[in-house]
Amino acid sequence: MRKKLVVGNWKMNGDRARNLALIDGLKGRIPAGVEVAVCPPSPYLAQVQALGEPLGLAVGAQDLSPRKEGAFTGDVAAAMLLDVGCEWVLVGHSERRTLHGEGNGLVAEKVAVALEAGLKPILCVGETLAERDGGQAEEVVRSQVMSVVSLLGADAMARVVVAYEPVWAIGTGRTATPEQAELMHACIRECLELAGVAVAGVRILYGGSVTAANAAALFAQPNIDGALVGGASLVADGFSSICAAAAAAAS
Ligand code: PEP
């Protein structure tokens, strides 16, 4: 059985004092049997790593550079993320794809660089509302996933976590129904299997307005292996309830 994984994406929120208060609120509330990580903005990675470690809370970055080092102003290399204690890294979040013009090719390169460096990449994929309304949701998500498989190969892809995040559900309060999410997760798993990836161990997270109220129903689906949580990860009570729902689903 795949271990459930719950990841909080803090986006561009927080400061030293608020981070401290938030991690403090999670003390004693990270359930055994579930993997939990948070992704703070990069200036706070070391702070949050130090605070989170005694709680069993891992840390991830929200992005990484595809380059190793050098004259790339503003970029952060995989080795630097490892050096400050990062275990995870989000790649291809829809806000990076839309606001920073990241295409499938660059996203695939970043996943490859992360894996090579020893980070655990979480590949974010998902369709827009127009694509869903146009009946293209599966095709869009399949091509996002396959561009990474093509570069990495099936063996390396088995070490990637996939996060299905329909763009229309991110930060909108409009979550996909458990059935809608499950259909897409099953489609992603099938697409990976056809590509020769050992899918039994690949975790596929759902992201998009996950809250304490809807988490249990999502986690009850056979192909939903956890969640990537944005807004609700900024409140200790909400985030720890989502982690508890993951633990309950796993037991
Ligand atoms: C996200 O940004 O990855 C996300 C899922 O956000 P939210 O939970 O706020 O929709």
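In each ligand, atom 1 is the first atom listed, and ligand 1 is the first ligand listed.
Interface atoms of ligand 1 facing S209, defined by a heavy-atom separation under 4.0 Å, are 7 (P), 8 (O), 10 (O). Interface atoms of ligand 1 facing I170, defined by a heavy-atom separation under 4.0 Å, are 1 (C), 2 (O), 4 (C), 6 (O), 10 (O). Those atoms of ligand 1 that come under 4.0 Å of a heavy atom in G208, given as number and element, are 5 (C), 10 (O). Taking a cut-off of under 4.0 Å to the non-hydrogen atoms of G171, the atoms of ligand 1 that pass are 7 (P), 9 (O), 10 (O).
Of the protein's non-hydrogen atoms, the one nearest atom 6 (O) of ligand 1 is G230 CA, 3.3 Å. The single protein non-hydrogen atom nearest to atom 5 (C) of ligand 1 is E165 OE2, 3.0 Å, given as residue, atom name and distance. In terms of protein heavy atoms, atom 9 (O) of ligand 1 is closest to G231 N, 2.8 Å. With hydrogens left out, the protein atom closest to atom 1 (C) of ligand 1 is H93 NE2, 3.2 Å, a heavy atom.
Only the side chain of N9 comes within 4.0 Å of ligand 1, counting heavy atoms alone; its backbone N, CA, C and O stay farther away. Of all the heavy atoms of A169, the ones lying under 4.0 Å from any atom of ligand 1 belong exclusively to the backbone.
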Verdict with reasoning, W88 to L5, per side-chain contact (heavy atoms from CB on, under 4.5 Å): CA-CA 11 Å; W88 297 94; L5 170 65; 3.7 Å; yes
Tell me, with the steps shown, if Y164 and L228 meet side-chain contact (heavy atoms from CB on, under 4.5 Å). CA-CA 9 Å; Y164 169 57; L228 179 53; over 6 Å; no
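V149 and M184 fall within the same hydrophobic cluster, where Ile, Leu, Val, Met, Phe, Trp and Tyr residues are linked whenever their side-chain heavy atoms come under 4.5 Å apart, directly or through other members. V197 and V145 end up in the same hydrophobic cluster when Ile, Leu, Val, Met, Phe, Trp and Tyr side chains are linked at under 4.5 Å.
Note on E35 versus K3: no salt bridge recorded, every NZ/NE/NH1/NH2 to OD/OE distance being 4.0 Å or above.
Contact between A232 and ligand 1 is absent, with no heavy atom of the residue lying under 4.0 Å from the ligand.
Ring orientation note: the planes of Y206 and H185 are tilted relative to one another, at an angle of 30° to 60°.
Among all heavy-atom pairs drawn from A181 and I224, the shortest one is CB-CD1, 3.7 Å.
For the residue pair E182/N223, the side-chain donor-acceptor check at 3.5 Å is satisfied.
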